[in-house]
Amino acid sequence: MKNVLKTHNCGELTLKNAGDSVTLAGWVNRRRDHGGLIFIDLRDREGLTQIVFDPERAKEVHTLAGDLRSEYVIQVTGEVTKRPEGTENTNLPTGEIELNVNKLEILNTSKVPPFYINKESDVDEFLRLQYRYLDLRRPHMQYNMILRHRVIKFMRDFLSDRGFIEIETPILLKSTPEGARDYLVPSRLYPGQFYALPQSPQQLKQLLMVAGFEKYFQIARCFRDEDQRADRQPEFTQLDLEMSFVDEEDILSLMEQMFIEMIETLTPSFKINKPFPRYTYKEVVRRFGTDKPDIRFGMEFADFSDLFDDTEFGVFKSVLASGGHIKGICAPGSADYTRKQQDELIEFVKTYGAKGLVTLAIGETDDDVKSRVLKFLTAEQIKQMITRLDAKAGDLILVVADSPKVVNNALSGLRTEMAKRLNLTDPDELKFCYITDFPLFDRIEEENRWDSMHHPFTAPHDEDISLLDTDPGKVRARHYDFVCNGCELSSGSIRIHQPEMQKKIFNLLGYTDDQIKERFGHLIEAFEYGAPPHGGIAPGIDRFVMLLCKEETIREVIPFPKTQSATDPMTGSPSPVPPELLHDLRLKVEEEKKAKE
RNA sequence: GGCCCCGUGGUGUAGCGGCCUAACAUGCCAGCCUGUCACGCUGGAGAUCGGGGGUUCGAAUCCCCUCGGGGUCGCCA
């Protein structure tokens, strides 16, 4: 960054530059005014350099430097000198030298910042977002943003080198009722009609395959009007990509190679598991109760349902009678959990809809087991549970009995919770896995219909096609997920490329021919013009960068994120608009009805 | 929509019915200081405790409502 106002960066001067006359520009990070000498740590994007104002060297400059305060923007010219013996600062890359200033220009002053920029500290997140431009000035956030840049650049280079073309797709699209709630944009030219912001460029990238681009990618902004989470924002960024003439293997191995190379290049301190293991959906749900398991630790599920066929324990009995399951995990070394701690765990599983939690504290012998429901359990049942979980003395067995869905949700939540409490995860480790063979359909029992588990463009496995007519619930999709440390990083699939199959799927999902034509006519028609077989994937960039930055939320890697209630404290969005604007759009805002009166 | 946590000088925290005329750290202001690097020393200013209502002789502290932030369940094809 050599330019007119600065000859060097604050992070780059070393002993080699001693004797040079240089000009630096940046922010006052800290000042140490000794009355005589004044030391300033000057900060720019690249680092810190200590600059010295010596009254004997330049009296007037020294006087002017007395006015400097935190975050003033200054330009200084002076001589790089080796620091006097014993005053080097080994904590700074530039700590062997300092700049003796001959000339000082105050480029701008600064109000006292509302929070510290020159030291790491927890600050109220609302305040940070309100002054995001100052928050982003902190080295920590600069690191995150720069790493994000490097990740995206790596992806672009990697894919470009392999024949991918970056193509932009529209932000103003057609709204479709499936999936997440759309963000809508009213049309001025067609009052009463709306565009929708893309939830993902799914259909467009498929059309680009029909168009013959063969390998496409895009750093794509996606929008979903749903409630926020630590890893969910109203708008987020995906590496959207699609390839023609490929099967699962092409895509999975390409992604595996890209992520491994990227991590080894950009953040080599991470330990990663390679090759990435692949699990079927069925296997992973059986072992971990979730399709996005954290495989950095064990604590796998064991099924106890068969042990309690003849049980007199009312809770288990009624669960089994209604088709439920009884499963458990083993929390190592947690047998000493107090009643209060166990009650916390019970409250925890209740948030997942479980009615309760059975705990068994394992003592030194098989007879030495403590449980509140001990009298309902036979010695054989206990022995089996211990064996199946390979529980050791001092362990705590946690059992949930409920519908299969609740058992899996509650127990996998509990598994993650216990791993956190027991510190079972290594922050320097990234453990990836692929999940394959998802079911194509989800049953919506209440509405007596099938729904796409992923989206309706996912191809079924060839050998399962006959099941479409007989047993749709058994059809496996050519769909795959990419999971890291329990975080779903991306989803992808081999798509349907034949119009008949696509229509068949839509019909199975309950669409009438008219609805298909109205909503997806363009896609079906495109498939009639020589659509190649194709498939793709779309890794979430925010979540991936979050993992690389070891952050807990994606807000830390998004420059200007929204709050949990989807507002921006800095600009004050969303906001009302002038009536004229609404009038142009022929929009009327209905007054919110007061709840009480 | 439900549940949980949080809201005290600029910032981060302590205080959790009277000892609070609200404490500590840091920041800020002023003075002193020529080798500091979280510089040091001395002095000073600065919050009525998110907002409203209530209980009480007395409320930062207890209760209710409300606003804001965060986490999470539902939701997110």
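If you're wondering where the values come from, they're calculated on a predicted model, not measured in any experiment. Letters A, B, ... are given to chains in the order of the sequence lines, protein chains preceding strands, and every chain is numbered from 1.
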Chemist: Rounding to an integer number of angstrom, what distance separates A60(B) and U13(B) when you compare their C1' atoms?
Modeler: 14 Å
Chemist: When you check every protein heavy atom under 4.0 Å of nucleotides 40-52 of chain B, what one-letter string (B, S, -) results, 5' to 3'?
Modeler: -------------
Chemist: At under 4.0 Å between heavy atoms, what does Pro84(A) touch on the DNA or RNA strands: base, sugar-phosphate, or nothing?
Modeler: base
Chemist: Could you list by number each residue of residues 121-144 of chain A showing a heavy-atom separation from RNA chain B of less than 4.0 Å, or answer none if no residue does?
Modeler: Asp122(A), Val123(A), Asp124(A), Glu125(A), Phe126(A), Leu127(A)
Chemist: Could you pick out which residue, Asp41(A) or Arg69(A), lies toward the 5' side of RNA chain B when each is mapped onto its nearest nucleotide?
Modeler: Arg69(A)
Chemist: With P as the reference atom in both, quote the distance from U48(B) to G69(B) in angstrom, rounded to an integer.
Modeler: 23 Å
Chemist: Indicate, with a heavy-atom threshold strictly under 4.0 Å, whether Thr176(A) touches base, sugar-phosphate, or nothing.
Modeler: nothing
Chemist: Can you tell me how far P of G10(B) sits from CD1 of Ile117(A), to the nearest Å?
Modeler: 17 Å
Chemist: By the 4.0 Å heavy-atom rule, please label Arg30(A) as base, sugar-phosphate, or nothing.
Modeler: sugar-phosphate
Chemist: What's Arg555(A) touching, base or sugar-phosphate or nothing? Going by heavy atoms closer than 4.0 Å.
Modeler: sugar-phosphate
Chemist: Show your reasoning for whether salt bridge (Lys or Arg N to Asp or Glu O under 4.0 Å) applies to Glu556(A) and Arg128(A).
Modeler: CA-CA 11 Å; Glu556(A) 299 297 322; Arg128(A) 290 178 56 199; 2.9 Å; yes
Chemist: With a 6.0 Å cut-off on the ring centroids, do Tyr480(A) and Tyr434(A) count as close?
Modeler: no
Chemist: State the pairing partner of C39(B); accept Watson-Crick or G-U wobble contacts with both distances under 3.5 Å, and report none otherwise.
Modeler: none
Chemist: Under a 3.5 Å cut-off for both distances, is U34(B) Watson-Crick or wobble paired, and to whom?
Modeler: none
Chemist: Let's test your reading of the model: under 3.5 Å, does the base of G10(B) pair with the side chain of Tyr116(A) as donor and acceptor?
Modeler: yes
Chemist: Under the 3.5 Å rule, do the base of C76(B) and the side chain of Arg232(A) count as making a donor-acceptor pair?
Modeler: yes
Chemist: Please state whether the base of U36(B) and the side chain of Arg83(A) form at least one donor-acceptor pair under 3.5 Å?
Modeler: yes
Chemist: Does Glu226(A) get its side chain close enough to the base of G74(B), under 3.5 Å, for a donor-acceptor pair?
Modeler: no
Chemist: Check for me whether the distance between the ring centres of Phe527(A) and His497(A) falls short of 6.0 Å.
Modeler: no
Chemist: What integer number of Å spans the C1' atoms of G58(B) and U21(B)?
Modeler: 16 Å
